[in-house]
Amino acid sequence: MIRTVRVAVLALACCLLVSCGFDSAPADLTIAHDSEPPSLDPALMTGVGEGRIATALFEGLTSLDSKTLEVRPGVAEEWEVSPGGLEWRFTLREDARWSDGNPLTAQDFRWSWLRVLDPVTGAPYAGLLYPVHGAEAFHKGEGPRSDVAIRADDDRTLIVTLDRPIPWFGSLTAFFTLLPVPRAAVEAHGDRWTRPEHIVTNGPFHLEDWRFYREILLRRSATYRGPGPAKAERIRLLPVPDANTQLNLYATGVVDVTFSVPSSVVGRLSGRADFVSGPRLATVFVRMNVRRAPLDSVKIRRAISHAIDQPAIVRHVTRGGEEEAFSLTPPSIRPWRVEEAMPTTRAIESRPLSLLLPENPDYAALATVLANQWKERLGLEIRLDIREWKVYLASRRRGDYDLALSTWIGDYPDATTFLDCFRSGDGNNQTGWASEDYDAHLAAAASTGADRDGWLGKAETLLLREAPIAPIYHPTLRYLVSPRVKGFATNALGLVRFADLSVGEGER
């Protein structure tokens with residue numbers, strides 16, 4: 001009943017948008033932007049959708065090219081890496097400013113990164129900073145804050161010392177978790193610092209308005225002087241989690257861009273100039289809550305995993321060029337061969353299990369097929385538990401589920417962006433599974449050179465054998481982009497830079 005009411009409210013809201021227009025400021029572009037963001041605090045974000053907004057409002061030390069993912073200057077105009085790869089020295093632009101006119105300094109970055117590491121913050125991606133000397137110990141309460149090797153020598157110089165070389169650290173400094181946040185606003189307003197009346201930003205856009213479950217309005221920043229200023233004066237973002245609704249809004253001219261396209265229409269849209277698709281560095285999989293019986297049994301978990309018919313799902317359900325997945329890491333970043341565990345598919349005597357998933361028609365179709373496969377092959381009764389995006393995320397974090405349909409999208413082009421999620425106690429693990437051997441394999445990979453891939457392969461083999469997760473497929477990117485939108489580009493990480501978008505001539 002809750003889901004029915006929610007969908008009805010969403011449909012009514014969309015009808016009002018179409019028939020009545022908007023009562024806020026006009027915008028150059030309107031984008032159907034998936035779900036309502038749970039937070040606009042970069043430290044607390046977990047999804048690509050929120051990340052797109054964050055990188056419009058804030059700018060990191062570096063930025064990534066929307067087409068090539070090449071690391072480019074952001075707030076840092078240049079950086080140097082020591083010969084051993086352990087010290088990174090960033091020089092900030094002299095004209096870097098917050099939207100309130102105050103200078104943006106190296107101390108702002110240091111404070112923001114230490115806030116991410118502070119366990120009180122509860123940042124789910126704090127582990128991204130673990131390569132920094134002293135960071136992991138501080139985050140786990142085993143070392144002092146003063147030992148974290150993030151140093152601001154002066155207002156324009158930030159020096160970071162790593163425990164081991166991380167070639168992609170320049171990419172990480174562009175990621176939303178490591179964006180700077182305004183200390184004065186955070187300390188003055190607490191968890192309300194991201195409200196439009198309080199927020200202070202440093203990116204190409206400023207937050208003009210945020211009407212929950214209705215719209216987010218971004219306005220070109222008057223104080224931003226970075227390398228990529230916004231080309232549009234205003235961009236309106238609509239929280240529309242339903243891909244079919246996004247399609248209807250696009251077809252009726254209400255929105256210029258959609259970030260979702262229903263699987264059911266991909267065949268008809270293929271070949272159209274306004275249909276944009278491509279490979280994605282991501283995996284759709286099932287999380288299993290090992291803290292609950294019968295999922296505390298590795299044999300049961302393995303049976304559930306092996307009962308999934310990935311080829312059938314790709315042929316008959318997703319139908320958009322997806323690739324079946326038998327590992328967590330996508331093949332493009334996995335040089336090792338996955339050693340599959342011996343199949344264990346047998347009837348399971350169990351209570352009915354719930355399958356948690358967010359509101360999304362493609363997910364609902366996939367969940368229905370999974371439930372049927374588990375019923376036919378294992379005799380399992382599955383109840384679909386469909387929840388609004390923010391509630392879904394909170395339920396996963398609390399462990400309030402049996403099985404959970406999940407997608408992980410790579411944060412950077414390396415296998416560790418997937419495998420590190422399932423370290424013991426990692427904020428993105430959310431299965432209750434922990435393995436000292438798994439952690440040791442990842443630690444060995446981090447400390448060795450020539451055999452790094454071998455240790456990562458051992459870690460993934462163990463993950464698949466223990467089966468706290470069950471891979472399903474590697475998804476593709478799907479967008480609808482009006483011909484009047486200029487500057488739209490994307491990549492395997494799904495990054496879209498709003499500052500590059502502008503409006504030109506063109507009709508659908």
Side-chain angles (χ1 to χ4, degrees), residues 34-35 37-38 45-51 124-125 127 241 243 259-260 263 280-292 295 301-302 304-305 307-308 310 313-314 317-318 322-330 353-371 373-374 382-411 415-423 425-434 460 463-464 466-477 493-494:
D34 300 334
S35 302
M45 292 178 172
T46 59
V48 170
E50 304 101 273
Y125 280 8
F259 284 107
S260 296
S263 296
R280 190 168 205 172
L281 195 68
T283 305
V284 176
F285 63 98
V286 175
R287 277 183 169 88
M288 305 194 205
N289 189 347
V290 307
R291 294 159 292 203
R292 292 185 176 183
L295 300 170
R301 297 197 302 268
R302 199 179 297 167
I304 290 172
S305 180
I308 297 174
Q310 290 96 334
I313 288 172
V314 169
V317 181
T318 62
E322 293 78 9
E323 181 179 0
E324 59 243 33
F326 299 99
S327 63
L328 178 65
T329 54
L353 299 179
S354 65
L355 176 59
L356 177 71
L357 64 147
E359 290 178 344
N360 179 297
D362 287 344
Y363 265 18
L366 172 60
T368 300
V369 170
L370 288 172
Q373 289 181 353
W374 289 326
I382 301 294
R383 175 181 63 85
L384 302 189
D385 184 5
I386 303 174
R387 304 192 186 188
E388 189 267 332
W389 178 245
K390 290 198 287 188
V391 179
Y392 160 81
L393 291 177
S395 300
R396 248 181 39 192
R397 284 193 299 269
R398 292 195 308 268
D400 182 20
Y401 72 92
D402 294 326
L403 307 168
L405 198 54
S406 306
T407 299
W408 185 259
I409 302 167
D411 302 326
T416 55
T417 189
F418 290 84
L419 297 178
D420 280 354
C421 295
F422 292 95
R423 290 179 186 270
D426 189 274
N428 291 302
N429 185 320
Q430 302 174 356
T431 65
W433 180 73
E460 180 152 48
L463 179 69
L464 298 174
E466 290 286 313
I469 63 162
I472 307 173
Y473 67 90
H474 303 297
T476 57
L477 294 163
L493 298 183

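All residue numbers in this chain count up from 1 along the given sequence. Every value quoted in this text rests on a predicted model; they were computed, and no experiment measured them.
- Side-chain atoms of Ser354 do not come within 3.5 Å of backbone N or O of Leu356 as any donor-acceptor pair.
- Within the 3.5 Å criterion, the main-chain N or O of Pro471 finds a donor-acceptor partner in the side chain of Gln310.
- Under 3.5 Å, the side chains of Asp362 and Thr318 contain no donor-acceptor pair of N or O atoms.
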Working note: His474 + Arg280, criterion side-chain contact (heavy atoms from CB on, under 4.5 Å); need CA distance, chi angles, decisive distance, verdict. CA-CA 7 Å; His474 303 297; Arg280 190 168 205 172; over 6 Å; no
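- Closest heavy-atom contact between Glu460 and Leu419: CB-CD2, 4.0 Å.
- Going from atom CD of Glu388 over to atom OG of Ser35 covers 6.5 Å, rounded to the nearest 0.5 Å.
- Atom CG in Asp411 sits 8.5 Å away from atom CZ in Phe418 (nearest 0.5 Å).
- Considering only heavy atoms from C-beta on, Val284 comes within 4.5 Å of Tyr473 through its side chain.
- Considering all non-hydrogen atoms of both residues, Ala307 and Gln373 come closest at O-OE1, 3.8 Å.
- Separation of atoms CZ (Arg287) and CG (Leu403) is listed at 12.5 Å; rounding is to 0.5 Å.
- Remark: Glu322 CD to Ile472 CD1 distance equals 12.0 Å, nearest 0.5 Å.
- Closest non-hydrogen pair, Tyr401 versus Arg396, comes out as CE2-O, 3.9 Å.
- A distance-only check finds a donor-acceptor pair linking the side chain of Trp374 to the backbone of Ile304 [under 3.5 Å].
- Looking at Tyr392, its side chain never comes within 3.5 Å of a backbone N or O of Ile386 through a donor-acceptor pair.
- Thr283 is not listed as a side-chain neighbour of Ile469, based on a closest heavy-atom distance of 4.5 Å or more.
- Leu357 contributes atom CG, which lies 7.5 Å from atom CG of Asp385 (distance to the nearest 0.5 angstrom).
- Side-chain contact between Asn360 and Pro241 is absent, with no heavy-atom pair separated by less than 4.5 Å.
- Put simply, the side chain of Thr431 does not reach to within 4.5 Å of the side chain of Leu295, judged on heavy atoms.
- Counting only distance, with no hydrogens or angles, the side chain of Arg292 and the backbone of Asp400 share no donor-acceptor pair below 3.5 Å.
- Of all heavy-atom pairs spanning Leu464 and Leu328, the tightest one is CD2-N, 4.5 Å.
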Mind running side-chain contact (heavy atoms from CB on, under 4.5 Å) on Asp34 and Ser260 for me, showing each step along the way? CA-CA 7 Å; Asp34 300 334; Ser260 296; 3.0 Å; yes
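- Two residues are said to be in side-chain contact when any heavy atoms from C-beta on lie closer than 4.5 Å; Ile382 and Asp402 fail this criterion.
- Shown here for Cys421 and Thr417, the closest heavy-atom pair between the two residues is SG-O, 3.5 Å.
- Counting all heavy atoms, side chain and backbone alike, Val48 lies closest to Gly494 at CG1-O, 3.9 Å.
- Ser305 contributes no side-chain N or O that, together with a main-chain N or O of Arg301, makes up a donor-acceptor pair within less than 3.5 Å.
- The structure places CD1 of Ile308 at 11.5 Å from CZ of Phe285, a figure rounded to the nearest 0.5 Å.
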